[in-house]
Amino acid sequence: MKNKAWSGRFKEGTDKLVEEFNASISFDKRLYRHDIQGSIAHAQTLVKAGILTESESKKIIKGLKTVEKEISEGKIEFTSAMEDIHMAVEMRLTELVGPLGGKLHTGRSRNDQVALDIRLYLREEIFAILDLIHDFKKALVEVAEKHIDCIMPGYTHLQRAQPVLLSHHLLAYYEMFQRDTGRLVDCLIRMDAMPLGAGALAGSPYKLDRKLTAKALNFSEITANSLDSVSDRDFAIEFISAASILMMHFSRLSEEIILWSSQEFAFIELSDAFSTGSSIMPQKKNPDVAELARGKTGRVYGNLMSLLTTMKSLPLAYNKDMQEDKEPLFDTIDTVKVILKVYGPMLKTMRVKSDAMFKATGAGFLNATDAADYLTKKGLPFREAHHAVGSAVAYCVENNKTLEELELDEWQKFSKLFEADIKKTVSIKNSLNTRKIYGGTALETVKKRLEEVKKEFEQCGCC
Ligand code: ARG
């Protein structure tokens with residue numbers, strides 16, 4: 001059986017099981033547009049190298065465009081015998097243009113071809129993901145603005161700690177996703193090098209103008225070492241790392257959405273369109289979207305581990321192990337995209353129960369630090385102030401009172417420095433609005449930050 005492009009030195013056909021096992025077509029078919037884009041650029045470079053005539057190149061390019069159309073219309077049935085997308089495209093091209101199709105692979109190997117295809121594909125997907133992050137950040141900002149003055153407990157150790165604005169809390173996530181944007185842009189910068197010309201591993205013996213190919217494919221640079229060009233998958237690992245961090249952020253937000261929508265917190269209610277029910281318990285309204293986002297974080301971490309482990313200890317240069325790069329990469333892209341799409345609308349349609357949030361600041365002594373700061377401002381060392389207010393809190397616990405409810409004579413049991421204005425100091429709104437420091441939760445500070453964030457959106461050139 002001599003029907004394979006590489007079958008010249010083989011006397012026997014491939015075992016059926018091996019054919020199935022070896023094939024990547026079932027998943028790498030999604031690279032077809034990028035494979036064809038790379039081949040078109042290569043066909044043009046082959047003209048300059050004197051390997052193809054202008055008219056041969058035109059015929060090949062026309063054929064490649066036909067193949068692209070056929071694939072996009074689902075007219076090509078992919079089989080394991082085709083092995084991978086590179087072979088499948090070349091096979092169909094040769095059917096269309098005859099033996100001329102066989103000239104396209106001159107000076108090229110599937111090793112540099114696949115390295116190029118993944119870069120082209122991933123670059124496009126990162127741009128799409130950046131757009132989706134942009135939309136999601138916008139949704140965060142919109143919800144923050146809508147509830148700009150909604151006060152809620154801020155937590156440490158999941159214990160009520162100090163009052164914060166819900167808008168401040170949401171803008172904390174804006175900062176995280178802003179850094180995610182930066183990481184992905186960074187990843188794009190490092191993968192902006194064109195590998196064709198590396199050949200199988202040692203570099204092509206033909207006079208291929210690599211810079212011309214790079215220009216045609218919109219790369220700023222060409223890779224500098226042929227061995228590295230065909231065996232580097234750092235860019236994919238880097239992308240999945242950035243995606244893992246992004247998912248970690250989603251898992252934290254999800255955990256809060258899940259907690260806040262529970263009856264124990266009852267801070268928010270998700271809209272019906274973004275919740276699901278139970279097949280047995282008629283009363284249930286579950287936050288499945290947030291739970292799935294939290295759950296799929298594990299899946300993306302798994303993809304990162306998978307690719308890191310595949311690449312671990314691989315000798316230079318290309319090894320077939322590297323065909324295993326695609327599924328974790330594709331799965332990561334699909335997962336991140338769907339979560340980014342669904343999450344913004346979920347946040348925008350949730351009902352914020354601002355009364356419940358504010359009410360929750362009434363218990364838990366969230367203003368205790370303010371009382372300590374009051375004493376400190378009067379000259380008491382902070383540690384002594386901390387102790388005095390700690391005793392006042394213990395007194396309140398014993399007498400079932402809040403700090404706001406203490407009378408001046410009660411305050412003075414703990415320090416003679418307390419005066420009538422302590423009442424105002426320990427009001428929740430006062431506690432919040434004294435935190436005017438840049439980065440703090442005071443209403444006017446958060447409003448200013450919101451304005452800055454909106455300007456960042458206007459200036460954003462990345463997406
Ligand atoms: N399907 C292969 C992959 O994704 C393409 C490269 C194959 N190269 C080879 N020398 N067999 O890795």
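Order of appearance sets the numbers: ligands from 1, and atoms from 1 within every ligand.
- Under a 4.0 Å criterion applied to the non-hydrogen atoms of Lys326, ligand 1 contributes the atoms 3 (C), 4 (O), 12 (O).
- When each of Leu208, Leu116, Thr45 is tested with Thr213 by the rule side chain to side chain contact (heavy atoms under 4.5 Å, CB included), just one qualifies, namely Thr45.
- Ligand 1 does not have Gln113 within reach: every non-hydrogen atom of the residue lies 4.0 Å or more from it.
- Of all protein heavy atoms, the one closest to atom 10 (N) of ligand 1 is Asn111 OD1, 3.0 Å.
- Of all the atoms in ligand 1, the ones that sit under 4.0 Å from a non-hydrogen atom of Asp84 are 1 (N), 2 (C), 5 (C).
- Thr332 and Ala243 get closest at one heavy-atom pair: CG2-CB, 3.5 Å.
- The distance criterion of under 3.5 Å between nitrogen or oxygen atoms is not met by Glu83 with respect to ligand 1.
- If you number the atoms of ligand 1 from 1 as listed, the ones under 4.0 Å from a heavy atom of Val114 come out as 4 (O).
- In this structure, Thr297 contributes its side chain and Met247 its backbone to a donor-acceptor pair below 3.5 Å.
- The side-chain tip of Arg123 does not point at the ring of Phe239 from less than 6.0 angstrom away and within 45° of straight on.
- By the 4.0 Å N-to-carboxylate-O rule, Arg190 lies close enough to Asp186 to be salt-bridged with it.
- Counting protein heavy atoms only, atom 12 (O) of ligand 1 is closest to Tyr318 OH, 2.3 Å.
- Under a 4.0 Å criterion applied to the non-hydrogen atoms of Ser24, ligand 1 contributes the atoms 1 (N).
- For ligand 1, the polar-atom distance check against Gln323 finds a nitrogen or oxygen pair separated by under 3.5 Å.
- The ring-ring contact (aromatic ring centres under 6.0 Å, His included) with Tyr343 is formed by just one residue from the set Tyr173, Phe177, Phe250; it is Phe250.
- Looking at atom 11 (N) of ligand 1, its nearest protein heavy atom turns out to be Arg110 NH2, 3.5 Å.
- With respect to Glu175 and Arg449, a salt bridge is recorded, a charged nitrogen being found less than 4.0 Å from a carboxylate O.
- Ligand 1 places these atoms under 4.0 Å from at least one heavy atom of His86: 5 (C).
- Ion pairing of Lys4 with Glu19 is present here, as a side-chain N (NZ or NE/NH1/NH2) and a carboxylate O approach within less than 4.0 Å.
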